[in-house]
Amino acid sequence: MRWIQTTLVLGLLAACGSLFAQTAPSSSLPGSSTFSGTHPNYTITVAPGGALSNADITIEDTADSDQVEIQTITPTTTTPTGVTITPSSLPTGLGATQTINFAGTVAASNAPGNYVFTVTYQDDEPLSGTALTITLTITDAAPVASQGAQATAGDGSGGNPFAPATQLTGSTPALALASVADANTGQTLTRGTTTQGGGPTTVFTISDNSPGAGAALVITATAGSALSAADIGTHTFTVDISDGGANNITINLSITVTTNSPALQTPSGLADISLGGTDPNFTGSCTVGDDIAISFQATDADASDTLTTTVSVTSGTLTGATAGFGQSFPFAPAGAVSPHTVSLTGTAANAGTIELTIDVSDGNGGTDQYVITITIAAGNSNPVLQTPSGLADISLGGTDPNFTGSCTVGDDIAISFQATDANATDTLTTTVSVTSGTLTGATAGFGQSFPFAPAGAVSPHTVSLTGTAANAGTIELTVDVSDGNGGTDQYVILITIASAGTPTINVTASLTAFTSTGIGTPSAQQSYTVAGSNLTADITITPPTDFQISTTSGSGFATTPIVLTQAGGTVGSTSIFVRYNPTTGGPHAEMIAHTSTGATTQNLNVSGSIAGPAAVAISASGNPGGQNANPGSTKTALGFRLAETGGGSTFTVTSVTVRVTTINNTGGVAIAAISSIALRRGGTVLGTMTSSSWSVAGDVITLNFTGLSSAITASSAADFSLAITFAGTAVPTPRPAFVANITPADVNGGTSVSGATITGGTITLVESLPGDPLDEDKKDDSCNLATEGGPAWPVLFGALIVAFAAVRRRRRTV
């Protein structure tokens with residue numbers, strides 16, 4: 001009989017072997033987690049002010065499929081400000097999986113360093129608790145320097161120091177050259193050693209604003225007194241900055257001091273010399289025998305500087321003496337304070353050129369220079385054409401040597417001008433020629449034949465052109481004068497004769513309504529023609545906001561105006577291409593404006609609209625039939641398809657409303673059995689809702705998923721589904737069931753959506769039993785402790801006692 005006892009004991013131990021082979025739950029990182037490390041040590045690093053995202057750690061018992069709970073999450077010091085740890089209520093209660101999540105924005109004011117958290121957890125079997133550690137590291141950022149308010153260059157490095165604009169002598173600057181900030185706002189920036197690396201003096205003092213924690217440190221260089229000539233040069237400094245932690249930086253400063261430079265003013269010519277040109281190059285001209293007199297000034301903002309001016313002959317065919325100047329060159333009159341006036345005088349002695357270079361110095365490094373080139377002619381002055389004047393109906397304008405005039409057909413033409421010559425005995429010959437334009441002298445209506453050369457005369461020589469404007473168009477007259485001794489002058493008059501009729505714009509169009517496929521998408525082009533007559537100005541074509549125009553087919557379209565240039569009052573028939581390019585949703589009814597001075601504005605009406613809006617049809621897609629679900633599982637409750645049917649543009653899903661009807665919901669037990677419901681597109685979760693965000697009416701849960709942006713391109717489709725996740729609790733009796741449905745009105749409020757109501761299959765919530773093929777956790781329930789319901793251990797123990805008793809009775813009987 002002893003072998004029977006042994007056999008029973010061994011069988012019992014084999015049946016319950018799993019009780020003594022339990023493994024502890026473990027932790028792991030989901031694929032998207034920003035934590036690193038492996039069980040039981042995990043780390044995550046974040047910058048001050050940085051956001052924590054996807055910072056998850058999963059705890060589960062994958063070996064035994066036991067349920068687990070988190071008991072404690074304990075920081076070794078304190079939790080950094082801004083960090084939220086989920087779960088916050090401990091212990092969590094048993095679940096198939098537990099997730100630890102770190103979220104929030106880590107306040108920049110937190111001290112940098114390591115924040116360690118110890119997490120303890122266990123499963124639903126005895127002696128299976130364990131722990132893990134989580135280290136959150138807040139980095140210690142180095143201070144960062146940037147240009148101060150008065151710095152105009154540099155990045156603070158040794159080769160590129162922070163520098164202001166050049167400082168002038170006489171000023172007492174205070175220069176904010178650098179600003180230093182630190183991302184760790186709990187730290188206080190301090191200025192350490194400041195070293196002057198170079199500079200002629202120690203006039204500048206480096207200071208800072210002694211900021212508090214988190215504030216920027218501003219470094220200022222201040223001159224202790226007004227800058228003087230002794231301070232001219234470059235002053236450099238190195239400044240050490242500490243954040244009070246592990247970081248120190250060194251920044252470099254540079255300040256350049258210079259003097260105010262003197263400035264030579266425009267020279268003036270007196271007596272017979274004529275001066276022109278612009279700084280630094282001037283020209284002068286006179287004739288042999290003329291008086292020479294040139295005067296100029298040198299000025300300096302530093303009024304106490306002593307100015308030295310030197311005039312040298314640097315080029316030309318004449319020396320100072322042969323030119324006739326009364327000075328010897330180089331000419332350096334006694335120095336003087338600003339302003340310092342220098343005069344050159346004499347009588348032009350010989351024909352030729354002389355180039356004078358004028359230099360001025362303030363003795364402190366400031367200089368200026370210009371050049372005067374003087375031409376002395378050999379006894380003959382050029383004749384000079386004076387500004388023409390318009391008499392009667394002609395209007396003249398412009399500047400020598402180019403003048404313009406305008407009149408209208410039928411107006412009297414009268415233009416008068418004079419030619420003068422300093423050599424009063426010279427005989428002047430004036431010639432007027434037609435050199436360009438659309439009209440000849442005769443067709444323009446002038447009473448003269450061209451070229452027109454009236455009899456020569458001594459200075460002044462007056463010439464008049466007269467007639468009556470005969471035709472619209474342009475005529476260009478070139479006027480030449482000669483003194484017979486090589487002296488000449490010339491200018492040009494361009495005269496426009498406008499048509500005498502009323503300015504008219506003609507628009508010829510036969511446009512149909514334009515159609516675009518969307519905002520910012522141009523339509524096909526159409527064209528029309530524009531012409532003008534009797535115009536006094538160009539035609540301007542201005543498009544409205546949602547239309548573009550061009551003078552070229554297929555290109556050059558813009559919303560800026562087009563100008564058609566008139567010639568002789570006419571714009572020939574011109575094709576204008578137009579297309580619709582809406583900037584907002586249509587339709588649009590607008591006008592293209594055609595304007596010209598004196599003409600009636602011609603408005604061309606144009607209209608356009610955007611092709612029909614996107615439309616979508618809803619239909620079922622792979623809906624499940626009747627199915628069972630266990631607490632803690634996730635089941636697809638509804639599948640539906642959205643297909644874009646308009647074919648014109650993309651349909652964007654922005655909101656979806658779904659209802660879940662519960663069965664056997666006495667006392668709300670069916671609704672309480674759901675932990676969350678998710679809307680998916682394919683494998684992507686668009687939104688997840690829990691009881692805190694859905695609404696309940698009787699036995700129906702309504703879920704409004706809003707804020708979506710799920711695009712379905714034209715003529716394509718997308719499959720969506722609703723998934724229910726059930727809470728890990730016992731199943732009520734009777735077993736609750738769930739059915740989901742959606743209607744066309746539930747997508748985007750029903751806008752452009754058609755189809756029928758879609759209903760999913762029925763999900764019945766059941767509890768797993770030993771041997772049940774639907775038992776998802778696949779545990780041998782015969783040896784589970786009482787937490788599983790219907791435990792087998794007490795039954796087996798009782799059977800063992802009965803077996804022992806039977807054996808003992810058999811022995812007594814024998």
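Only heavy atoms go into these numbers, but all of them, side chains included; no hydrogens, no water, no symmetry mates.
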- Kindly indicate, with the supporting measurements, whether the criterion ring pair (Phe, Tyr, Trp, His ring centres under 6.0 Å) is fulfilled by Tyr580 and His588. CA-CA 9 Å; Tyr580 176 50; His588 297 96; 5.7 Å; yes

- For Ile495 and Leu477, run side-chain contact (heavy atoms from CB on, under 4.5 Å): C-alpha distance rounded to whole Å, both residues' side-chain angles, the deciding distance at 0.1 Å, then the answer. CA-CA 8 Å; Ile495 301 169; Leu477 303 177; 4.2 Å; yes

- Test Thr404 against Ile493 for side-chain contact (heavy atoms from CB on, under 4.5 Å), laying out the working first. CA-CA 5 Å; Thr404 59; Ile493 306 174; over 6 Å; no

- Walk me through it: do Thr545 and Thr559 pass the test side-chain contact (heavy atoms from CB on, under 4.5 Å)? CA-CA 7 Å; Thr545 302; Thr559 56; over 6 Å; no

- Task: For the pair Ser575 and Thr551, evaluate side-chain contact (heavy atoms from CB on, under 4.5 Å) and give the outcome as yes or no after the intermediate values.
- Result: CA-CA 6 Å; Ser575 293; Thr551 56; over 6 Å; no

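In summary, the side chains of Ser607 and Glu590 do not present any donor paired with an acceptor at a separation below 3.5 Å, with no hydrogens or angles considered. When only modelled atom types and interatomic distance are considered, Thr443 and Asn471 share no side-chain donor-acceptor pair under 3.5 Å. Gln265 and Thr299 form a side-chain donor-acceptor contact under 3.5 Å, judged by distance and modelled atom types alone. Side-chain contact, Thr435 with Glu476: a donor N or O sits under 3.5 Å from an acceptor N or O. With 3.5 Å as the limit, one finds no donor-acceptor pair spanning the side chains of Asp546 and Asn581.
Minimum interatomic distance between Gly520 and Pro522 (heavy atoms only, all atoms of both residues): O-CD, 3.6 Å. Of all non-hydrogen atoms in Thr468 and Gly410, the two that sit nearest each other are CG2-O, 3.8 Å. Shown here for Val360 and Pro262, the closest heavy-atom pair between the two residues is CG1-CG, 3.9 Å. Considering every non-hydrogen atom in both Pro401 and Gln490, the closest pair reads CB-O, 3.8 Å. Across all their heavy atoms, Thr222 and Ala174 have their closest contact at OG1-CB, 4.0 Å. The nearest pair of heavy atoms linking Pro544 to Ile592 is CD-CG1, 3.7 Å.
A donor-acceptor contact shorter than 3.5 Å links the side chain of Ser389 to the backbone of Ser416. Using a distance-only test at 3.5 Å, with no hydrogens or angles considered, no donor-acceptor pair links the side chain of Ser225 to the main chain of Ala223. Put simply, the side chain of Thr220 never gets that close to the backbone of Ala176: no donor and acceptor are under 3.5 Å apart.
In this structure, Gln386 and Phe417 have side chains that are not in contact, with every pair of non-hydrogen atoms separated by 4.5 Å or more. Between Leu227 and Gln167 there is a side-chain heavy-atom pair separated by less than 4.5 Å. Here the side chains of Ser261 and Thr367 are not in contact, with every heavy-atom distance at 4.5 Å or above. The shortest distance between side-chain heavy atoms of Leu356 and Ile354 falls below 4.5 Å. Using a 4.5 Å cut-off on side-chain heavy atoms (C-beta onward), Leu385 and Val479 make contact. Side-chain contact between Asp362 and Thr259: present, with at least one pair of heavy atoms (C-beta onward) separated by less than 4.5 Å.
Annotation: Phe452 is not in aromatic contact with Phe446 [ring centroid separation under 6.0 Å not met]. The aromatic ring centres of Tyr528 and His594 sit less than 6.0 Å apart. Checked against a 6.0 Å centroid threshold, the rings of Phe403 and Tyr491 count as neighbours.
Once rounded to the nearest 0.5 Å, the distance linking OG1 of Thr574 with CD1 of Ile541 reads 7.5 Å. Interatomic distance, Ile497 CD1 to Leu439 CG, rounded to the nearest 0.5 Å: 5.5 Å.
The aromatic rings of Phe204 and His235 stand perpendicular to each other, their planes meeting at an angle above 60°, with 30° marking the opposite boundary.
If you run side chain to side chain contact (heavy atoms under 4.5 Å, CB included) between Pro267 and each of Ile372, Ile358, Leu344, only Ile372 comes through.
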